[in-house]
Amino acid sequence: MENLKILLSEKDIPHSWYNLSADLPFRLPPPINPATKKPLEKKDLSAIFPDVLIEQEVSQKKWIEIPAQIRDIYRLWRPTPLRRARRLERFLKTKARIYYKDESVSPTGSHKTNTAVAQAYYNKKAGIKRLATETGAGQWGAALSFACNVFSLGCRVYMVKVSFHQKPFRKSLMHMWGSEVIASPSSLTESGRRILKEDPHCQGSLGIAISEAVEDAARNKDTNYSLGSVLNHVLLHQTVIGLELKKQLRIAGEKPDYLIACVGGGSNFGGIALPFIKEKIKNDKLQIIAVEPSACPSLTKGKYCYDFGDTAMLTPLLKMFTLGHNFIPAGIHAGGLRYHGCSPLVSALASKEIIQSRAYHQIEVFKAAVIFAQTEGIVPAPETAHAIKAAIDIAKNDNKEKCIVLNFSGHGFLDLSSYDKFLSGELKNYAHPLKAIKNALKDLPKFS
Ligand SMILES: *Cc1c(COP(=O)(O)O)cnc(C)c1O
């Protein structure tokens, strides 16, 4: 009988994060300072990030040691299990072997705590008193709240207004860990006030909430900004996922044919995929697949160019696949995947066709989620269900003895109201808004 769980012990928690930049055969296009149109300098970021994280953002060191205090917190839930989805395989009648790396066992139920703990630690060490951040569906806000509580830091979360009202329970989690949660756009910042003047009923977007949090951090000396995805240092912290996975696959005697993860800003995808990229570049039949919603299709329908990370154009310009910083995606239920851009590192890999991408509509994604819950027993987050949908499709189409591994980025226990809507037939597909994309792409900054 094959093992359903491949478990590691605490001593297998990685001692270093893996920095792919050091191993890439090409240089990543640098972030650009929008005022000077020159590559960003480290000092440009020091108003909002601690030096260590800025250093990690641009580092060319291959291995970056994980401080003992961070590993000690990781021990609360790491190493995470690698599970074999045997009952799903049987249901699909596939010869493929499907595994999932289960990041849902973290305190807040997603992979985001891997970087939240690291970011809170470095800010605390730098003498910062408070972090400001944004959150969409609330996964990041909850993860950073947990981490700030661990290190006795204050935390203010600008939460996209539509989720603030529709998803009250992640707000409860943030409050439990002592954070202040503000519905964004708010009247606390200039960016928020400007948006509200134009549209008092604006339901918000991640791009707007980022503007508010960045502004808050830039204006307050004791406050820094923290981002839950997109940036190199965030993906770096997430590589614990892929590093553990490599050990687990070795124990299972497996070599993956497919690695699959959903993509919002790219952090859980980066976490599982980056440690495999070097092998992939060398040869390999390994296919690495990023999955996104058709309603917010940055990798599959966006443009690879420099754009702002936020709506108010406060952030540096990043070269990435983008739908335009003014793109406000439809209110789909995978809130964590509603970002106009994508990590520059993941975007570069996609532009060089080292990785592939595909998009799905939300109803087929929810169907896949229910199949997974009925066979494996865990309710996936709607974001995670995108990766599950792709894995199911591949297992059906490539019905050979292939090894498929997906990143189970989080559980959906706080998304049950979305599942209720799906089960009662209220959920709709959003046709991908080509016109909206075209319009938002008109506002790209004049820089290339
Ligand atoms: C936030 C989130 C995502 C998307 O963010 P990435 O940075 O692309 O990983 C995916 N899954 C879950 C469960 C999330 O909370």
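Keep in mind it's a predicted model, so treat the numbers as computed, not measured. Both ligands and their constituent atoms are indexed starting at 1 by order of listing.
Distance alone, capped at 3.5 Å, places no donor-acceptor pair between the Glu292 side chain and the Ser357 backbone.
Shortest contact from atom 8 (O) of ligand 1 to any protein heavy atom: Gly264 N, 2.6 Å. Of the protein's heavy atoms, Lys112 NZ, 2.8 Å lies nearest to atom 14 (C) of ligand 1. For atom 4 (C) of ligand 1, the closest non-hydrogen atom on the protein side is Gly336 O, 3.4 Å. Distance from atom 12 (C) of ligand 1 to its nearest protein heavy atom, with residue and atom name: Ser409 OG, 3.5 Å. The nearest protein atom to atom 7 (O) of ligand 1, hydrogens excluded, is given as Ser229 OG, 2.5 Å; this is a heavy-atom distance.
Every atom of ligand 1 is numbered from 1 in the order shown, and the set under 4.0 Å from a heavy atom of Val263 is 8 (O). Taking every non-hydrogen atom of Gly410 and a distance limit under 4.0 Å, the qualifying atoms of ligand 1 come out as 13 (C). The contact set between ligand 1 and Leu337, taken as ligand atoms under 4.0 Å from a residue heavy atom, comprises 4 (C). With ligand atoms numbered from 1 in the order given, ligand 1 contributes 13 (C), 15 (O) to contacts under 4.0 Å with heavy atoms of Gln139. Close contacts between ligand 1 and Glu383 involve ligand atoms 10 (C), 11 (N), 12 (C) [criterion: under 4.0 Å to a heavy atom]. Those atoms of ligand 1 that come under 4.0 Å of a heavy atom in Cys262, given as number and element, are 10 (C), 11 (N).
Electrostatic pairing of Arg97 and Asp257 does not count as a salt bridge here, judged by no charged N lying under 4.0 Å from a carboxylate O. Ion pairing between Glu244 and Lys247 fails under the 4.0 Å rule for side-chain N and carboxylate O. Salt bridge absent: Lys42 and Asp51 never bring a charged side-chain N and a carboxylate O closer than 4.0 Å. Under 4.0 Å is where a charged nitrogen must lie from a carboxylate oxygen, and between Arg84 and Glu254 no such pair does.
Ring orientation note: the planes of Tyr18 and Trp63 are tilted relative to one another, at an angle of 30° to 60°. Using a 30° and 60° split on the angle between ring planes, Phe146 and Trp177 fall in the perpendicular class, above 60°. Aromatic ring orientation, His340 versus His325: perpendicular (interplanar angle above 60°, classes split at 30° and 60°).
Taking the six-membered ring for Trp and the full ring otherwise, His333 and Phe422 have centroids separated by 6.0 Å or more.
Note on ligand 1: His111 sits in its first shell, one or more heavy atoms being nearer than 4.0 Å.
Backbone and side-chain nitrogen or oxygen atoms of Gly228 are examined, and none is located within less than 3.5 angstrom of a nitrogen or oxygen of ligand 1.
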